[in-house]
Amino acid sequence: MSAVRTTIGIFGQGRLGAAIAQAAAAAPDLEVVWTVDGPADPPPVDVALDASTAAAVPAHLEWALATGSGLVIGATGWELPDLAARVGDRIGVLTAPNFSLAVALMARLAKVLGRFAALDPELDPYLLDHHHRLKADAPSGTARRLAAALMEGCPRKTETTSGTAAPHQLSLAVLRAGAEFGTHTVGLDGPAETLTLTHQARSRLVFAQGALRAARWLKGRKGLHTFDACAAETLDPLFGDLS
Ligand SMILES: NC(=O)C1=CN([C@@H]2O[C@H](COP(=O)(O)OP(=O)(O)OC[C@H]3O[C@@H](n4cnc5c(N)ncnc54)[C@H](O)[C@@H]3O)[C@@H](O)[C@H]2O)C=CC1
Ligand SMILES: O=C(O)C1=N[C@H](C(=O)O)C[C@H](O)C1
(Lines give C-alpha, C1' and ligand atoms only; values in the text may rest on other atoms or scores of the structure.)
(Ligands and ions follow the chains in the order given, each with its own letter.)
Protein backbone atom coordinates (compact mmCIF):
# COMPACT_ATOMS: atom_id res chain seq x y z
CA MET A 1 0.00 0.00 0.00
CA SER A 2 1.50 3.38 -0.96
CA ALA A 3 1.78 6.23 1.61
CA VAL A 4 -0.58 9.20 1.23
CA ARG A 5 1.22 11.95 -0.63
CA THR A 6 0.94 15.66 0.20
CA THR A 7 -0.88 17.45 -2.61
CA ILE A 8 0.81 20.64 -3.80
CA GLY A 9 -0.19 23.54 -6.05
CA ILE A 10 2.21 26.21 -7.27
CA PHE A 11 1.22 29.80 -8.09
CA GLY A 12 3.83 31.25 -10.47
CA GLN A 13 6.01 29.43 -12.98
CA GLY A 14 8.83 31.94 -13.25
CA ARG A 15 12.35 31.51 -11.87
CA LEU A 16 11.32 30.41 -8.36
CA GLY A 17 8.11 28.57 -9.28
CA ALA A 18 9.83 26.50 -11.95
CA ALA A 19 12.61 25.54 -9.53
CA ILE A 20 10.04 24.45 -6.93
CA ALA A 21 8.11 22.41 -9.51
CA GLN A 22 11.31 20.65 -10.57
CA ALA A 23 12.28 19.82 -6.99
CA ALA A 24 8.74 18.69 -6.09
CA ALA A 25 8.58 16.37 -9.11
CA ALA A 26 11.56 14.49 -7.65
CA ALA A 27 10.02 14.18 -4.15
CA PRO A 28 8.19 10.86 -3.68
CA ASP A 29 6.08 12.20 -0.76
CA LEU A 30 4.67 15.12 -2.80
CA GLU A 31 2.17 15.25 -5.65
CA VAL A 32 2.08 18.45 -7.73
CA VAL A 33 -1.61 18.65 -8.65
CA TRP A 34 -1.38 21.94 -10.53
CA THR A 35 0.84 24.83 -11.48
CA VAL A 36 -0.56 28.14 -12.74
CA ASP A 37 1.21 31.19 -14.12
CA GLY A 38 -1.55 33.79 -14.09
CA PRO A 39 -4.98 34.50 -12.59
CA ALA A 40 -6.77 31.18 -12.00
CA ASP A 41 -9.15 29.37 -9.65
CA PRO A 42 -7.48 25.98 -9.12
CA PRO A 43 -8.88 23.16 -6.94
CA PRO A 44 -7.97 22.76 -3.24
CA VAL A 45 -4.67 21.15 -2.26
CA ASP A 46 -3.00 20.31 1.04
CA VAL A 47 -0.57 23.19 0.54
CA ALA A 48 -0.21 25.79 -2.22
CA LEU A 49 3.10 27.59 -2.71
CA ASP A 50 2.94 31.22 -3.83
CA ALA A 51 5.93 31.98 -6.07
CA SER A 52 4.18 34.67 -8.10
CA THR A 53 4.22 38.42 -7.55
CA ALA A 54 3.41 40.81 -4.69
CA ALA A 55 0.28 42.03 -6.50
CA ALA A 56 -1.17 38.51 -6.73
CA VAL A 57 -0.70 37.55 -3.07
CA PRO A 58 -4.04 38.99 -1.76
CA ALA A 59 -6.03 36.97 -4.32
CA HIS A 60 -4.09 33.82 -3.45
CA LEU A 61 -4.87 34.33 0.23
CA GLU A 62 -8.58 34.74 -0.66
CA TRP A 63 -8.38 31.52 -2.69
CA ALA A 64 -6.72 29.64 0.19
CA LEU A 65 -9.37 30.82 2.67
CA ALA A 66 -12.17 29.90 0.27
CA THR A 67 -10.83 26.42 -0.53
CA GLY A 68 -9.43 25.56 2.93
CA SER A 69 -5.95 25.01 1.47
CA GLY A 70 -2.72 25.71 3.30
CA LEU A 71 -0.64 28.52 1.79
CA VAL A 72 3.12 29.09 1.85
CA ILE A 73 3.88 32.62 0.65
CA GLY A 74 7.35 32.87 -0.87
CA ALA A 75 6.62 35.95 -2.97
CA THR A 76 7.98 39.19 -1.51
CA GLY A 77 7.18 42.91 -1.61
CA TRP A 78 3.56 42.66 -0.38
CA GLU A 79 1.93 44.07 2.76
CA LEU A 80 -1.24 42.68 4.38
CA PRO A 81 -1.53 44.34 7.82
CA ASP A 82 -4.65 42.31 8.69
CA LEU A 83 -3.15 38.96 7.65
CA ALA A 84 -3.14 37.40 11.15
CA ALA A 85 -6.76 38.37 11.82
CA ARG A 86 -7.92 37.07 8.46
CA VAL A 87 -6.14 33.75 8.83
CA GLY A 88 -7.07 33.15 12.49
CA ASP A 89 -7.23 29.39 12.85
CA ARG A 90 -9.18 28.88 9.64
CA ILE A 91 -6.24 27.61 7.59
CA GLY A 92 -2.47 27.38 7.85
CA VAL A 93 -0.38 30.15 6.28
CA LEU A 94 3.41 30.39 6.37
CA THR A 95 5.30 33.48 5.19
CA ALA A 96 8.88 33.12 3.98
CA PRO A 97 10.86 35.99 2.49
CA ASN A 98 13.72 33.51 2.13
CA PHE A 99 13.48 29.70 2.06
CA SER A 100 17.15 29.13 2.95
CA LEU A 101 17.83 27.58 6.35
CA ALA A 102 21.20 29.35 6.33
CA VAL A 103 19.43 32.69 5.96
CA ALA A 104 17.16 31.80 8.89
CA LEU A 105 20.36 31.21 10.87
CA MET A 106 21.72 34.53 9.58
CA ALA A 107 18.62 36.35 10.87
CA ARG A 108 19.27 34.98 14.35
CA LEU A 109 22.91 36.04 14.15
CA ALA A 110 21.88 39.49 12.86
CA LYS A 111 19.91 40.02 16.05
CA VAL A 112 23.02 39.19 18.08
CA LEU A 113 25.12 41.53 15.89
CA GLY A 114 22.52 44.21 16.60
CA ARG A 115 22.83 43.58 20.33
CA PHE A 116 26.60 43.91 20.04
CA ALA A 117 26.24 47.21 18.14
CA ALA A 118 23.88 48.43 20.86
CA LEU A 119 26.81 48.32 23.31
CA ASP A 120 28.72 51.03 21.45
CA PRO A 121 27.24 53.96 19.48
CA GLU A 122 30.47 54.05 17.42
CA LEU A 123 29.57 50.67 15.92
CA ASP A 124 27.32 51.09 12.88
CA PRO A 125 25.29 48.06 11.81
CA TYR A 126 24.53 47.94 8.07
CA LEU A 127 23.02 45.79 5.32
CA LEU A 128 23.81 45.03 1.66
CA ASP A 129 21.29 43.44 -0.76
CA HIS A 130 22.46 42.34 -4.25
CA HIS A 131 20.09 40.61 -6.69
CA HIS A 132 19.72 39.99 -10.40
CA ARG A 133 18.62 42.84 -12.65
CA LEU A 134 15.04 41.49 -13.07
CA LYS A 135 14.08 41.47 -9.40
CA ALA A 136 10.91 43.54 -8.95
CA ASP A 137 11.13 44.62 -5.30
CA ALA A 138 13.74 46.59 -3.40
CA PRO A 139 14.85 46.16 -0.72
CA SER A 140 14.44 42.40 -0.91
CA GLY A 141 12.12 40.58 1.48
CA THR A 142 15.21 39.05 3.05
CA ALA A 143 16.84 42.47 3.55
CA ARG A 144 13.68 43.68 5.29
CA ARG A 145 13.74 40.62 7.56
CA LEU A 146 17.44 41.06 8.36
CA ALA A 147 16.96 44.80 8.97
CA ALA A 148 14.16 44.00 11.43
CA ALA A 149 16.45 41.55 13.24
CA LEU A 150 19.31 44.07 13.44
CA MET A 151 16.97 46.79 14.72
CA GLU A 152 15.38 44.46 17.30
CA GLY A 153 18.89 43.88 18.64
CA CYS A 154 19.94 47.53 18.40
CA PRO A 155 16.99 49.68 19.55
CA ARG A 156 18.69 53.01 18.69
CA LYS A 157 18.12 52.04 15.03
CA THR A 158 14.45 52.53 14.24
CA GLU A 159 14.31 52.77 10.44
CA THR A 160 16.38 52.06 7.34
CA THR A 161 17.81 54.54 4.86
CA SER A 162 19.61 54.23 1.55
CA GLY A 163 21.22 57.64 2.03
CA THR A 164 23.36 59.26 4.68
CA ALA A 165 22.30 57.60 7.93
CA ALA A 166 21.24 59.69 10.92
CA PRO A 167 22.05 58.08 14.31
CA HIS A 168 18.62 56.42 14.46
CA GLN A 169 18.86 55.06 10.90
CA LEU A 170 20.22 51.76 9.63
CA SER A 171 22.15 52.02 6.36
CA LEU A 172 20.75 49.57 3.78
CA ALA A 173 22.25 49.45 0.27
CA VAL A 174 20.51 47.79 -2.67
CA LEU A 175 22.20 46.65 -5.89
CA ARG A 176 20.20 45.27 -8.83
CA ALA A 177 22.61 44.04 -11.49
CA GLY A 178 23.51 40.93 -13.43
CA ALA A 179 22.33 37.43 -12.61
CA GLU A 180 22.97 37.24 -8.86
CA PHE A 181 20.54 34.74 -7.25
CA GLY A 182 20.59 36.68 -3.98
CA THR A 183 23.44 37.92 -1.80
CA HIS A 184 22.96 39.60 1.57
CA THR A 185 25.56 40.96 3.97
CA VAL A 186 24.98 42.13 7.52
CA GLY A 187 27.89 44.04 8.98
CA LEU A 188 29.19 46.20 11.78
CA ASP A 189 31.59 49.04 11.09
CA GLY A 190 33.46 50.77 13.91
CA PRO A 191 36.49 53.05 14.23
CA ALA A 192 38.99 50.19 14.59
CA GLU A 193 37.30 47.05 13.33
CA THR A 194 34.61 45.59 11.10
CA LEU A 195 32.63 42.36 11.23
CA THR A 196 30.65 40.99 8.27
CA LEU A 197 28.44 37.99 7.62
CA THR A 198 27.48 37.19 4.01
CA HIS A 199 25.04 34.70 2.54
CA GLN A 200 25.23 34.05 -1.20
CA ALA A 201 22.76 31.73 -2.91
CA ARG A 202 24.57 29.74 -5.62
CA SER A 203 21.40 28.17 -7.04
CA ARG A 204 17.63 28.53 -6.75
CA LEU A 205 17.63 24.90 -5.64
CA VAL A 206 18.24 26.08 -2.08
CA PHE A 207 15.02 28.13 -2.23
CA ALA A 208 13.08 25.28 -3.87
CA GLN A 209 14.16 22.75 -1.25
CA GLY A 210 13.29 25.19 1.53
CA ALA A 211 9.87 25.80 -0.02
CA LEU A 212 9.15 22.06 0.07
CA ARG A 213 10.38 21.88 3.66
CA ALA A 214 7.91 24.67 4.51
CA ALA A 215 5.04 22.88 2.73
CA ARG A 216 5.69 19.63 4.59
CA TRP A 217 5.88 21.52 7.91
CA LEU A 218 2.66 23.45 7.28
CA LYS A 219 0.53 20.46 6.33
CA GLY A 220 -1.99 19.84 9.13
CA ARG A 221 -1.19 23.12 10.93
CA LYS A 222 -3.57 26.08 11.31
CA GLY A 223 -2.77 29.74 11.98
CA LEU A 224 -0.13 32.17 10.75
CA HIS A 225 3.49 31.02 10.87
CA THR A 226 6.87 32.14 9.60
CA PHE A 227 9.70 30.19 8.02
CA ASP A 228 11.65 31.01 11.19
CA ALA A 229 9.28 28.75 13.15
CA CYS A 230 9.80 25.94 10.65
CA ALA A 231 13.59 26.46 10.76
CA ALA A 232 13.59 26.51 14.58
CA GLU A 233 13.33 22.72 14.68
CA THR A 234 16.76 22.57 13.05
CA LEU A 235 18.34 25.72 14.49
CA ASP A 236 17.29 25.62 18.16
CA PRO A 237 19.60 22.72 19.06
CA LEU A 238 22.57 24.67 17.64
CA PHE A 239 22.11 27.41 20.25
CA GLY A 240 22.62 25.25 23.32
CA ASP A 241 25.79 25.55 25.43
CA LEU A 242 27.54 28.41 23.60
CA SER A 243 29.90 29.17 26.46
N1 LIG B 1 11.12 33.19 -0.49
C2 LIG B 1 12.19 32.93 -1.24
O3 LIG B 1 13.14 32.21 -0.81
C4 LIG B 1 12.26 33.51 -2.60
C5 LIG B 1 11.33 34.41 -2.98
N6 LIG B 1 11.34 34.92 -4.25
C7 LIG B 1 10.23 35.79 -4.57
O8 LIG B 1 9.33 35.04 -5.38
C9 LIG B 1 8.67 35.90 -6.30
C10 LIG B 1 8.87 35.36 -7.70
O11 LIG B 1 10.22 35.49 -8.06
P12 LIG B 1 10.71 35.03 -9.50
O13 LIG B 1 10.30 33.62 -9.73
O14 LIG B 1 12.14 35.38 -9.59
O15 LIG B 1 9.85 36.00 -10.44
P16 LIG B 1 9.36 35.71 -11.92
O17 LIG B 1 8.95 37.03 -12.47
O18 LIG B 1 10.37 34.88 -12.64
O19 LIG B 1 8.06 34.79 -11.71
C20 LIG B 1 6.82 35.25 -11.28
C21 LIG B 1 5.78 34.50 -12.07
O22 LIG B 1 4.48 34.74 -11.49
C23 LIG B 1 3.56 34.75 -12.57
N24 LIG B 1 2.32 35.40 -12.14
C25 LIG B 1 1.98 36.71 -12.22
N26 LIG B 1 0.74 36.90 -11.73
C27 LIG B 1 0.30 35.69 -11.32
C28 LIG B 1 -0.90 35.23 -10.73
N29 LIG B 1 -1.92 36.05 -10.46
N30 LIG B 1 -1.01 33.92 -10.44
C31 LIG B 1 0.01 33.06 -10.69
N32 LIG B 1 1.18 33.44 -11.27
C33 LIG B 1 1.32 34.74 -11.57
C34 LIG B 1 4.28 35.46 -13.70
O35 LIG B 1 3.71 35.12 -14.94
C36 LIG B 1 5.70 34.93 -13.52
O37 LIG B 1 5.96 33.80 -14.36
C38 LIG B 1 9.25 37.29 -6.07
O39 LIG B 1 8.40 38.00 -5.19
C40 LIG B 1 10.59 37.00 -5.40
O41 LIG B 1 11.05 38.05 -4.60
C42 LIG B 1 12.26 34.54 -5.16
C43 LIG B 1 13.23 33.65 -4.83
C44 LIG B 1 13.35 33.07 -3.49
O1 LIG C 1 13.69 37.67 -6.14
C2 LIG C 1 14.61 36.88 -5.80
O3 LIG C 1 15.36 36.35 -6.64
C4 LIG C 1 14.77 36.58 -4.37
N5 LIG C 1 13.92 37.08 -3.56
C6 LIG C 1 13.84 36.86 -2.16
C7 LIG C 1 13.89 38.19 -1.42
O8 LIG C 1 13.24 39.15 -1.84
O9 LIG C 1 14.52 38.27 -0.38
C10 LIG C 1 14.80 35.83 -1.65
C11 LIG C 1 16.05 35.64 -2.45
O12 LIG C 1 17.00 36.57 -2.01
C13 LIG C 1 15.85 35.69 -3.94
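Order of listing sets the numbers, starting from 1, for every ligand and every atom in it. Along the sequence shown, residues are numbered consecutively beginning with 1.
When heavy-atom distances to ligand 1 are checked against a 4.0 Å cut-off, Phe99 comes that close through both its backbone and its side chain. Residue contacts with ligand 1 for Ala211 are absent, since no atom lies close enough (heavy atoms, distance under 4.0 Å). Using a 4.0 Å cut-off between heavy atoms, Ala51 contacts ligand 1 through its backbone alone, with no side-chain atom that close. At a heavy-atom distance under 4.0 Å, only side-chain atoms of Asp137, from C-beta outward, approach ligand 1. Using a 4.0 Å cut-off between heavy atoms, Arg204 makes no contact with ligand 1 at all. Here Ala96 has backbone heavy atoms under 4.0 Å from ligand 1, and that is the only part of it that gets that close.
Ranking the protein heavy atoms by distance from atom 19 (O) of ligand 1 puts Gly14 CA, 3.3 Å first. Of the protein's non-hydrogen atoms, the one nearest atom 14 (O) of ligand 1 is Arg15 NE, 3.0 Å. Of the protein's non-hydrogen atoms, Ala56 CB, 3.4 Å is the one closest to atom 29 (N) of ligand 1. Summary of contacts: the protein heavy atom closest to atom 13 (O) of ligand 1 is Leu16 N, 2.7 Å. Looking only at heavy atoms of the protein, atom 21 (C) of ligand 1 is closest to Asp37 OD1, 3.7 Å. Among protein heavy atoms, atom 27 (C) of ligand 1 sits closest to Gly38 CA, 3.8 Å.
Near Asn98, the atoms of ligand 1 lying under 4.0 angstrom from a non-hydrogen atom of the residue are 1 (N), 2 (C), 3 (O). Each of the following atoms of ligand 1 lies closer than 4.0 Å to a heavy atom of Gly12: 22 (O), 31 (C), 32 (N). Heavy-atom proximity to His184, at under 4.0 Å, picks out these atoms of ligand 2: 12 (O). Per-residue contacts place Pro97 under 4.0 angstrom from the following atoms of ligand 2 (heavy atoms of the residue considered): 6 (C), 7 (C), 9 (O), 10 (C).
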Query - From CA spacing to verdict: ring pair (Phe, Tyr, Trp, His ring centres under 6.0 Å), Phe227, Trp217 - result: CA-CA 9 Å; Phe227 189 71; Trp217 186 89; 8.9 Å; no
Query raised in the report: After noting the C-alpha distance and the side-chain angles of Arg213 and Glu233, does the key distance pass the salt bridge (charged side-chain N to carboxylate O under 4.0 Å, His left out) rule?
Result: CA-CA 11 Å; Arg213 172 189 290 269; Glu233 289 176 0; over 6 Å; no
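Residue-ligand proximity: His132 is placed with a non-hydrogen atom under 4.0 Å from ligand 2. In this structure, Phe99 has no heavy atom closer than 4.0 Å to ligand 2.
Nearest-heavy-atom check against atom 39 (O) of ligand 1 across Thr53, Ile73, Thr76, Val72 picks out Thr76. If you check each of Pro97, Ser52, Gly74 against atom 38 (C) of ligand 1, the one with the closest non-hydrogen atom is Ser52.
Using modelled atom types and a 3.5 Å distance limit, the side chains of Ser140 and His184 yield a donor-acceptor pair.
Leu119 CG to Cys154 SG: the interatomic distance, rounded to the nearest 0.5 Å, is 9.0 Å.
Where the criterion is an N or O separation shorter than 3.5 Å, residue side chain and backbone included, Phe207 fails it with respect to ligand 2. Considering backbone and side-chain atoms together, Arg204 places no N or O closer than 3.5 Å to any N or O of ligand 2.
One finds a salt bridge joining Arg86 and Glu62 here, because a Lys/Arg side-chain nitrogen approaches an Asp/Glu carboxylate oxygen to under 4.0 Å. Comment: Arg108 does not engage Asp228 in a salt bridge, judged by the lack of any side-chain N to carboxylate O separation of less than 4.0 angstrom. Electrostatic pairing of Asp46 and Arg5 does not count as a salt bridge here, judged by no charged N lying under 4.0 Å from a carboxylate O.
Panel note: side chain Arg176, backbone Asp137; a donor-acceptor pair is recorded below 3.5 Å.
Remark: Gln22 CD is loosely packed, at most 12 non-hydrogen atoms of other residues, nucleotides or ligands lying under 6.0 Å away. Atom CG of Asp89 has 12 or fewer heavy atoms from other residues, nucleotides or ligands within 6.0 Å.
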